[in-house]
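A quick write-up on the structure given underneath.
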Protein chains: 2
Amino acid sequence: MRKVSQMVGVSTATVSRALKNPEMVLPETRDKVLKAVEALGYRPNILAKNFSSGKTQTVVVIVTDLTNPFFSRIVQGVEEEAQKLGYSVLLGDTNDDINRERVYAEMVLNNRADGLIQLDHLFPFADKDKEIAKTVPMVSVCDAIDGDYAYPYITIDNFAASRDVAKHLISLGHTKIGAIAGRDDSHVTSDRLGGLMRVMQEHSIPFNQDWFMRGGYTKQCGKESMEKLLALADRPTAVYCFSDEIAIGAIKAIKNHGLRIPEDISIVGFDNVDICEYMDPSLTTVDQPAVDMGRRAMQILFQLINGEPIQSITEYKPYTLLVRDSTGPVPN
Amino acid sequence: MRKVSQMVGVSTATVSRALKNPEMVLPETRDKVLKAVEALGYRPNILAKNFSSGKTQTVVVIVTDLTNPFFSRIVQGVEEEAQKLGYSVLLGDTNDDINRERVYAEMVLNNRADGLIQLDHLFPFADKDKEIAKTVPMVSVCDAIDGDYAYPYITIDNFAASRDVAKHLISLGHTKIGAIAGRDDSHVTSDRLGGLMRVMQEHSIPFNQDWFMRGGYTKQCGKESMEKLLALADRPTAVYCFSDEIAIGAIKAIKNHGLRIPEDISIVGFDNVDICEYMDPSLTTVDQPAVDMGRRAMQILFQLINGEPIQSITEYKPYTLLVRDSTGPVPN
DNA sequence: TTGTATGCGTTATCAG
DNA sequence: CTGATAACGCATACAA
């Protein structure tokens, strides 16, 4: 910048103004400065800018598993919006490791980032940082952050979505309904389970605890859980999987077992990732607007960072039950 | 930091040394400093550190489509290694938009990042930055950067892998072999196509240009390409897809068309993403060690950033042809 | 409108 | 071994 100012014969302050507040500078001077900038190939040093301003124009996104396409689509949404708002995205794939979660959360405390988007329900900070963490801009997607915090979050109405799933299965004649959940400690899980149980109860259908499995959101977990269900003497005729990944694993287990979908067992997934349409059979699932949720999370984080007021802590996005070929009438 | 120094009664320089070069400071002083740091909850301001050092300890990863699980696994590898080496990863999902590519590439020129990992073969910088770009630490994965550059890259021997695929199909009796490529302008494509054609030639099998389709690496493109092949009067009995995503789309098209795999048409994929094993039929594919490739790219980038010598521009990783159920004997 | 001067937090240099 | 001080590049308050 000094070189530019010398070349034009003005002060560095003028150069700075010409670039950042063009209207504060004579058009004539401005043009000369811009020409010199061009000629010298000057690039503002963002490090200095950040240092001086105390802002990084960067946000951290914490995700447990980037290979889950539902999460990667949310990240895409976050990033798209971040770029529009002039922010960069630091990726934090934790691989379910709590220590890495801490590392990424610390980035906000260290001024490496201005805010945090959590695609999980865990409070990512260490206990000793609890207090200071209350002041950091953070938004979560899908679920509220565990504990007594007031961070905003974007989600869908999991309870209502589950009711729709339950009604769909019951309308097909199913009464022996099982479920495979991803985690056993999140609101998402309890809301989805709650919606399912409520509707079953309304129809006087008993809920069999033996048909409720818990594990991760992965294909592998889905396969293992389904294998356990298949080993039961009395099996469910429909299984509601709390993610498409789980459903994919479950379907594999069922086919390995020599059974057909949906003739022998109906399967419902959750998320509506791309692959659902390409599955055989195509997967009945609940569509979550992943990209939109990511975008919206970034918008709200932006407001938080800039001290703007937030309308509401919880923001619900629309969901849709997509009935495809993996669900069918109950077998006789 | 000033507070800490005042509390202990030393200078800020001593505090800095106690934290960064503990051996340069009396153990006694050091302990006092560390205690004060703890007591005051002092956190080094990374912005200031970066500014002072001119380094960001950050790298940018440019990826065209994060939802492709092959890419997201490479990114996972990059990130894992980056964290080990003390670096953060700025994510740059370009969605095939050349402008976004530029934006991310500029981050290195602006001192927002110290290096760049390109998961694509495009030269990401604008023409005007061509010269300066030659000095930036950059590594690519899968393919060499287009143009006359000497950036290191990590890949597999695509030519040899394709030869293995071709031999496998020919050993099953196939002579009518088609292919669906992702792009028509990369080394990856020409190497894979070259390996296939070479082996066919060695077996005096003609290569039919009508059976060679080009498009993106997506499921959608795979489906569309396959539909065109199916519409042909004379169809291939085996189709080699240059990504698993393409293969998934192709399989859907074949099933929609009422044909069976592999009884009517054999399908080979590429990459060995997780879903391959869960497909019906499970997908014959070429395994690429995605996580390793990402890790290694980060290691080499690290060397580049630190001015260490690179052994070789090209680094080949081992691949494996995994024969599963989507390939079978040629139909009569 | 423009120039001068200062500060941001850390590290490095040099002196003590 | 430790203290004082300069320097990094930019933005801005204040002066002219």
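In what follows, chains carry the letters A, B, and so on, assigned in the order in which the sequence lines appear, proteins first and then strands, with residues in each chain numbered from 1.
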Are A/D129 and A/K134 close enough for a salt bridge, meaning some N to O gap below 4.0 Å?
->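 No, no charged N to carboxylate O under 4.0 Å.
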Is the closest basic N to carboxylate O distance between A/R73 and B/D93 below 4.0 Å?
->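 Answer for the salt bridge query: no.
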Would you say B/E28 has more than 12 foreign heavy atoms packed within less than 6.0 Å of its CD?
->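 No, the 6.0 Å shell around CD holds no more than 12 heavy atoms from other groups.
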CZ/A/R2: more than 12 non-hydrogen atoms of other groups inside 6.0 Å =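 Atom CZ in A/R2 is not crowded, with 12 or fewer foreign heavy atoms closer than 6.0 Å.
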Would you check if the side chain of B/S53 reaches a backbone N or O of B/K49 as a donor-acceptor pair within less than 3.5 Å?
->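 Such a contact is found between B/S53 side chain and B/K49 backbone.
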Closest non-hydrogen atom pair between A/N111 and B/L47, with its separation |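 Closest approach of A/N111 to B/L47, heavy atoms only: O-CD1, 2.5 Å.
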Compare every heavy atom of B/F123 with every heavy atom of B/D146, then report the nearest pair and how far apart it is.
->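 Distance-wise, the nearest heavy atoms are O-CB, 4.1 Å.
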Contact boundaries on DNA chain D for chain A, cut-off under 4.0 Å to non-hydrogen atoms =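 On DNA chain D, the outermost contacted nucleotides are D/dG9 to D/dA13.
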What is the distance from atom CD1 of A/I313 to atom OH of A/Y153, rounded to the nearest 0.5 Å?
->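 Answer rounded to 0.5 Å: 9.0 Å.
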In a check of side-chain hydrogen bond (donor to acceptor under 3.5 Å, both in side chains) between A/Q299 and each of A/Q303, A/R295, A/R296, which one passes?
->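 By the side-chain hydrogen bond (donor to acceptor under 3.5 Å, both in side chains) criterion, A/Q299 pairs with just one of A/Q303, A/R295, A/R296: A/R296.
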Taking protein heavy atoms under 4.0 Å as touching, what does nucleotides 10-16 of chain C look like 5' to 3' if B marks base contact, S marks sugar-phosphate-only contact and - marks none?
-> BBBB---
How bent is the helix from C/dT1-D/dA16 to C/dG16-D/dC1, comparing axes over its five end pairs at each side, to the nearest 10°?
->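 Its terminal axes enclose an angle near 40°.
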Whole-Å gap separating C1' (C/dG9) and NZ (B/K3) |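 It works out to 13 Å between those atoms.
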Does the side chain of A/R112 pick up a donor-acceptor pair with the side chain of A/T56 at under 3.5 Å?
->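 Not at all, the side chains of A/R112 and A/T56 share no donor-acceptor pair under 3.5 Å.
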